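Shown next, in structure tokens, is the structure this report addresses.
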Number of protein chains: 2
Amino acid sequence: MQLTTLSINNDSVVNCPRMIYNLSMTNGSNLRFHKPARATLKDVANLAGVSEISVSRVMRDAPNISASLREKVMTAANALSYTPNRLAGALKSQTSNQVAVVLPSMSNIVFSSVLDGIESVLSKHGLHAVLGVSEYDSQRELEVVRELLAWSPMGIILTGLHQDPAVAGMIGQLDIPVVQIMDIDGSPIGSAVGISQNEAASAAADYLYAKGYRNIGYVGAWREKPDRSRARRLTFEKRLAALGSPLIGSYISDDRSSASVGSSATAKLIEMHPELDCIFYANDDLALGGLFYAMRSGIDVPTELGVMGFNGIDIGKATPLLLSGVETPRYEMGQEAARLLLSSKFEGPQVKDLSFKIIDGETT
Amino acid sequence: MQLTTLSINNDSVVNCPRMIYNLSMTNGSNLRFHKPARATLKDVANLAGVSEISVSRVMRDAPNISASLREKVMTAANALSYTPNRLAGALKSQTSNQVAVVLPSMSNIVFSSVLDGIESVLSKHGLHAVLGVSEYDSQRELEVVRELLAWSPMGIILTGLHQDPAVAGMIGQLDIPVVQIMDIDGSPIGSAVGISQNEAASAAADYLYAKGYRNIGYVGAWREKPDRSRARRLTFEKRLAALGSPLIGSYISDDRSSASVGSSATAKLIEMHPELDCIFYANDDLALGGLFYAMRSGIDVPTELGVMGFNGIDIGKATPLLLSGVETPRYEMGQEAARLLLSSKFEGPQVKDLSFKIIDGETT
DNA sequence: AATCATCTTGGTAACGTTGTCATGCAATTG
DNA sequence: CAATTGCATGACAACGTTACCAAGATGATT
């Protein structure tokens, strides 16, 4: 008699341990073939003939354990394939090895790089990232933080410096280290690591001005959802004005960033301002879209149109023309955030400026 | 007389050894002003004048709660800005709202898309992803799984079908739902969602053959770290051979995938096999690199060289030539994995084939 | 009027660990 | 040699919540 009907997978007849339990459960209502229930400290202690606390100590590599005891415990633990229950441990000891990470979005390559960096450091120290995505919504962020803090993480990493004030309060109650990433132009709750978005914007303006562009435009996307991108644009505008070459115009798409959006936005902006000779884009995806649009349309880059991106993603380094832009250390930002979290117990809150770089490419 | 309670954790009038303790501490020398410690059920219950269990029920939205009780509890909870301790809750109830997610890498856009999809569904149900990265190493994957399972997640999502056998065993002990993503050509532990990598490879071979290419090469990277990419190549080769147009040659880089690697690999492969008229790439990053290389070198695409990618990332849709390739539903894969996890309690393990699509672009 | 089901609340005992003592024993010391 | 130290182990009571059972209150049913 066949139990499963829905599987497309014919060979699922083999190798399906759970089915066996299902069979035996139908046997009798209270007669339960104990599925190999997760072993506990007590089980290991009983088998090894020692006390529970000793097992606990061996598992935690506590000091002052005799070789013989360790031996006994380890064999028993292996025999039962014991895995400690972190829930209980964390509850009692009030410390866990989880780190809450709140990012505004996972679809942006920037944040996956950051997360990659975070994970690379955390995993080396036996820690885990618990992920929360705020969707650029401050209310949602608050909820996410509350939910993540309910797990008593040993620290928390937030994106940006502008959270709802309640966030700081909630973190304060737990008294765990906080690191805010991306931006350092402001006053952080605890530590902060990132670049000065303002300086980057000014530097970009200076760079384009020095390159001789005088009719500069700007393209953004997704209604400038991260506040810091708007702040960056405003600084860019201000600096251009100060240089005596004010921004000609800008176009902010409603859609989220992508190369396609970059193409269409570029088309629209050029149509609105035919005198444009250069565009600064909110990120590299948009800039690539702009570059590709120019290539398709026979607009010569960089003479007819300068293209400048932001972030310095890998693809921009392989395009026929090396993409100019601001290079931001995204992976390193993640790494440094994790490191700061780990060290902040001893060193207290810090602000770390990972500087950006101007890529003087072939598109400007 | 006022006790000046700095700690809200003081017990009520009844039976409170702790209060005495606190009292004796107040006249001790080391009187410490703690910051407001995290409120517990007991604190809320005392303030509201109800039992702890009632508070618990209100917080969990249990049925059969009178409006007046809910009212009392909620005001008390807000006053203390109470947040339930999930650690304790999960320990007692043996269920948590965390989902373990094990991915081979975070630097690959494929997996960040998948994770995005997973998160989008999980967050709608109040669940959280706890992340583990295996770095394509099966031993490391085993460790990561063990570590994540120690938190008693309510489910686990794994990448690929080829884990160390011990993984299935460990999951079996907890008896939680498993979903394996990406590949469906094999026998999953529980549910699986993805595409048939073999069919995709065959379809790509058919497509290129139909387009008239007869001297086809292959470019991969990172020593084909995900097993499935190797399997895919082998199927691709086999199919080409069956069509009577065997693979001319292939180049597998040691470095991880990137457009730059795609460019240099393309150069090398063409040098080795000047008769090549088409290259199938292991992913779109590599393919874009190939396309850009051709554009830089004046090689006409698609007549002199056909370029076919794998995945269908957004940038390939904005390039001057629409990138041909196999489009895989990465985001949907993540979503579906999460959905399967949620439903598998009721519906049991399933295998879901999210079909791929051939993008008949301008580069072939 | 007695019985029974239903709704609402509370009391108690876990869940599986670890912190804090306490204890026994060997090694050191003046 | 008594006194002191250090090491190795154990007993017990938490950590903050929820499962389980009990019980009073209310209303419906016979």
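Scope of the values below: all heavy atoms of this structure, side chains included, with no hydrogens, waters or symmetry mates. Just so you know, these numbers come straight off a predicted model, no measurement behind them. To find a chain, count down the sequence lines: A is the first, B the second, and so on, and within it residues start at 1.
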Discussion item. By nearest heavy atom, map B/V50 and A/Y82 onto DNA chain C; which one lands nearer the 5' end?
Written reply: B/V50
Discussion item. Please tell me if A/S51 has a side-chain N or O lying less than 4.0 Å from either OP1 or OP2 of D/dT9.
Written reply: no
Fill in: Separation of C/dT17 C1' from B/W151 CH2 (nearest whole Å)
12 Å
Worksheet item: To the nearest angstrom, how far is B/L174 atom CG from C/dG16 atom P?
Response: 12 Å
Item to complete: Go through the N and O atoms of the side chain of B/R57 and the base of C/dG10, and report whether any donor-acceptor pair is under 3.5 Å.
Response: yes
Item to complete: Side chain of B/L41 only, please: which of C/dT17, D/dC7, D/dT18 is the nearest?
Response: D/dT18
Worksheet item: Taking C-beta and beyond as the side chain, do B/S123 and A/R140 meet within less than 4.5 Å on heavy atoms?
Response: yes
Discussion item. What is the separation between atom CD1 on B/I65 and atom P on D/dT18, rounded to the nearest whole Å?
Written reply: 12 Å
Worksheet item: Between A/Q94 (CD) and C/dG16 (P), how many Å, whole number?
Response: 19 Å
Discussion item. Under 4.0 Å from OP1 or OP2 of C/dT18: is there any side-chain N or O of A/R60 that close?
Written reply: yes
Discussion item. Strictly below 4.0 Å: does A/S66 bring a side-chain N or O up to OP1 or OP2 of D/dA8?
Written reply: no
Worksheet item: Once you round it to whole Å, what is the distance between C1' of D/dT17 and CZ of B/R38?
Response: 11 Å
Practice prompt. Write down the distance between CG (A/L69) and P (D/dC7), rounded to a whole number of angstrom.
Written response: 16 Å
Worksheet entry | B/D61/B/R70 ion pair, N-O < 4.0 Å | yes
Worksheet item: Quick one: do A/K352 and A/E336 make a salt bridge, cutoff under 4.0 Å?
Response: yes
Worksheet item: When you measure from the side chain of A/I53, which nucleotide among C/dG10, C/dG16, C/dT18 comes out closest?
Response: C/dT18
Fill in: Shortest side-chain distance from B/L91, nucleotide among D/dC20, D/dG16, C/dT18
D/dG16
Discussion item. Looking at A/R70, I'd like to know whether one of its side-chain N or O atoms comes within less than 4.0 Å of OP1 or OP2 on D/dT9.
Written reply: no
Worksheet item: With a non-hydrogen cut-off below 4.0 angstrom, is B/P63 in contact with a base, only sugar-phosphate, or nothing?
Response: nothing
Worksheet item: Per the atom types in the model, does the base of D/dA19 pair as donor or acceptor with the side chain of B/K92 at under 3.5 Å?
Response: no
Practice prompt. Find the distance A/K42:NZ to C/dT17:P and express it as a whole number of Å.
Written response: 11 Å
Worksheet entry | For B/I157 against B/A337, the heavy-atom pair lying closest together | CD1-CB, 4.2 Å
Practice prompt. Mind calculating the distance between CD (A/E52) and P (C/dC15) to the nearest angstrom?
Written response: 11 Å
Fill in: Below 4.0 Å: OP1/OP2 of C/dT17 and any side-chain N or O of A/N85
no
Practice prompt. Using a strict cut-off of less than 4.0 Å between a Lys/Arg side-chain nitrogen and an Asp/Glu carboxylate oxygen, indicate whether A/E143 and A/R146 qualify as a salt bridge.
Written response: no
